[in-house]
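Before anything else, here's the structure in question.
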Amino acid sequence: PGLIVTEADTVLVIAQSRLKRGDYDPSDIVLTRSSDGGRTWSPAVKLFDSGASGQIGYSCVLVEVRKASPNVLLAYYTVGPAPWKSHQLVWYGRRSTDEGQTWTEPFAVKHDGHPESKPSNGGHGFQFPNGRLVLPGRGNFLYSDDGGLSWTTAGKAETVETKVLPVALGSATEVRGVYLITRKSTAYRIYGD
């Protein structure tokens with residue numbers, strides 16, 4: 001699952017809802033939200049419904065575009081056949097301008113064509129003070145300079161399941177770096193600017 005707390009203190013959780021147990025079986029992408037600090041939660045909303053398609057909803061992440069007015073929430077996920085191979089997963093997104101109460105129809109996400117230019121499984125992204133958005137990617141990280149309309153692949157990690165955090169570099173107090181770490185690894189990398 002991925003969790004994000006918005007600038008307005010709304011808590012959102014996005015997750016793969018497996019219909020069976022397997023990593024490659026059909027599944028939905030669901031989202032729930034809380035506007036009272038996690039005391040109560042909305043019913044789960046299906047952002048992707050596998051239905052009778054036999055498809056899998058996978059690799060779901062959230063990011064908030066705080067430089068937009070009003071703030072924009074972006075929910076990203078991949079869809080592919082069950083069972084799937086990485087090259088078969090297609091990256092989709094949905095937008096919300098009301099703290100996740102409603103979402104646009106899904107749209108195909110533009111990216112640089114790198115074979116692993118898609119989000120990692122679970123997590124959240126962030127926005128730098130200069131407006132750049134960053135997401136965890138499959139063995140990398142992804143960044144956007146146009147409010148999440150298109151994405152570029154960067155970095156290299158040992159496994160496909162990554163997480164990202166913003167960091168200050170050296171003695172600078174401004175956050176300008178990406179801390180990239182992977183599942184089942186003690187190695188991490190820091191990328192600047």
Side-chain angles (χ1 to χ4, degrees), residues 1-23 25-51 55-79 91-107 109 118-129 131-138 141-144 147-148 151 160-168 173 175 177-184 188:
L3 180 140
I4 196 167
V5 180
T6 70
E7 194 170 40
D9 289 331
T10 302
V11 183
L12 294 105
V13 176
I14 191 170
Q16 179 187 35
S17 178
R18 293 181 177 181
L19 305 178
K20 297 181 181 176
R21 291 182 163 197
D23 202 25
D25 293 326
S27 59
D28 301 330
I29 299 293
V30 296
L31 182 131
T32 184
R33 59 188 296 278
S34 173
S35 56
D36 60 8
R39 288 184 287 282
T40 61
W41 293 87
S42 70
V45 173
K46 288 185 183 180
L47 296 182
F48 170 75
D49 185 352
S50 65
Q55 299 254 317
I56 185 171
Y58 196 62
S59 299
C60 48
V61 297
L62 295 166
V63 66
E64 182 179 21
V65 185
R66 294 182 173 193
K67 299 286 184 184
S69 182
N71 289 4
V72 173
L73 286 168
L74 296 166
Y76 292 115
Y77 54 91
T78 58
V79 173
W91 185 1
Y92 290 97
R94 295 181 81 163
R95 243 180 219 96
S96 175
T97 56
D98 58 7
E99 294 293 301
Q101 292 181 64
T102 60
W103 294 89
T104 64
E105 289 298 311
F107 58 89
V109 176
K118 43 190 88 104
S120 183
N121 195 18
H124 64 85
F126 63 88
Q127 187 171 36
F128 282 121
R132 176 172 279 181
L133 297 170
V134 177
L135 291 178
R138 285 183 55 85
F141 66 93
L142 307 155
Y143 67 87
S144 173
W151 293 85
V160 297
E161 293 183 3
T162 64
K163 301 296 180 249
V164 293
L165 290 169
V167 295
T173 57
V175 175
V178 176
Y179 179 96
L180 176 67
I181 193 161
T182 66
R183 181 176 179 244
K184 296 184 179 180
Y188 67 91

Quick one: does any side-chain atom of Lys163 pair with a main-chain N or O of Tyr179 as donor and acceptor, under 3.5 Å?
no
Within the side chain of Ser120, is there an N or O that forms a donor-acceptor pair under 3.5 Å with the backbone of Val160?
yes
Rounded to the nearest 0.5 angstrom, the OH-CG distance for Tyr143 and Leu133 is 12.5 Å
Excluding sequence neighbours, so at least two apart, what forms salt bridge (charged side-chain N to carboxylate O under 4.0 Å, His left out) with Glu99?
none
By side-chain hydrogen bond (donor to acceptor under 3.5 Å, both in side chains) - contacts of Thr102 (at least two apart)
Asp98
Do side-chain atoms of Thr97 reach the backbone of Pro70 as a donor and acceptor pair under 3.5 angstrom?
no
Between Phe126 and Phe128, what is the ring plane arrangement, given parallel below 30°, perpendicular above 60°, and tilted in between?
perpendicular
Can you tell me how far the CD atom of Gln127 sits from the CZ atom of Arg66, to the nearest 0.5 Å?
8.5 Å
Side-chain (Ser27) to main-chain (Ile56) donor-acceptor, under 3.5 angstrom:
no
What is the minimum heavy-atom distance between Pro119 and Ser59, and which atoms define it?
O-CB, 3.3 Å
Could you work out, with salt bridge (charged side-chain N to carboxylate O under 4.0 Å, His left out) as the rule, every residue matching Lys46, not counting sequence neighbours?
Asp28, Asp49
Any donor-acceptor N/O pair, Ser34 side chain to Trp41 backbone, under 3.5 Å:
no
To the nearest 0.5 Å, how far apart are CG in Leu73 and CZ in Arg33?
9.0 Å
Expected output: side-chain Thr32 to main-chain Ser42 donor-acceptor under 3.5 Å
yes
Quick one: CZ on Arg94 to CG on Leu31, what's the gap to the nearest 0.5 Å?
10.0 Å
In terms of ring plane angle, is the pair Tyr76 and Trp91 parallel, tilted or perpendicular, where the classes change at 30° and 60°?
perpendicular
Gln16 side chain to Gly57 backbone, donor-acceptor under 3.5 Å
yes
From Leu47 atom CG to Cys60 atom SG, the distance as rounded to the nearest 0.5 Å:
9.0 Å
Quick one: closest heavy-atom pair of Gly125 and Leu135, and the distance?
CA-CD2, 3.9 Å
Atom CD1 in Ile14, atom CD1 in Ile4: separation rounded to 0.5 Å?
10.0 Å
